[in-house]
Amino acid sequence: SNTVNYNNTTVTADYTDSNFITRPTISIQAIDTATAQTAVVTTGTNTFVNFKLFDVENNAIVPTDQGVKVQITATGV
């Protein structure tokens, strides 16, 4: 797993070094947030994932200036 900062409308997490043959199962979890958030994957491949964070309680995309940290876990072969 890896932790990234949510600092762009769409964040790219690259896991090329993991050498997945097929697209892995991806888990994305916002860490220590004040409101309920969920990730929306816009693109996922065997080398990277693009995602946006959506604030469920405020019904909006999470602002990119909030310093939200996101844990990404990719599992596969």
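Applying the ring pair (Phe, Tyr, Trp, His ring centres under 6.0 Å) definition to pairs two or more places apart or across chains, none involves residues 25-51. Pairs of residues two or more places apart, or lying in two chains, that qualify as side-chain hydrogen bond (donor to acceptor under 3.5 Å, both in side chains) and include a residue from residues 55-74 are S1-Q71, N5-K69, T35-D55, D55-N58. For residues 41-52, the set of pairs meeting the side-chain hydrogen bond (donor to acceptor under 3.5 Å, both in side chains) definition, not counting sequence neighbours, comprises T12-N50, T45-T47.
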*After noting the C-alpha distance and the side-chain angles of Q37 and V70, does the key distance pass the side chain to side chain contact (heavy atoms under 4.5 Å, CB included) rule?*
CA-CA 11 Å; Q37 298 176 359; V70 181; over 6 Å; no
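Looking at residues two or more places apart in sequence or on another chain, you find no side-chain contact (heavy atoms from CB on, under 4.5 Å) involving A60. Applying the side-chain contact (heavy atoms from CB on, under 4.5 Å) test to V40 and every residue at least two apart in sequence or in another chain returns F54. Not counting sequence neighbours, the partners of Y15 by the ring-ring contact (aromatic ring centres under 6.0 Å, His included) test are F20.
Atom CD1 of I28 and atom OH of Y6 lie 10.5 Å apart (nearest 0.5 Å).
Under the 4.5 Å side-chain heavy-atom criterion for Ile, Leu, Val, Met, Phe, Trp and Tyr, I31 and V62 are members of distinct hydrophobic clusters.
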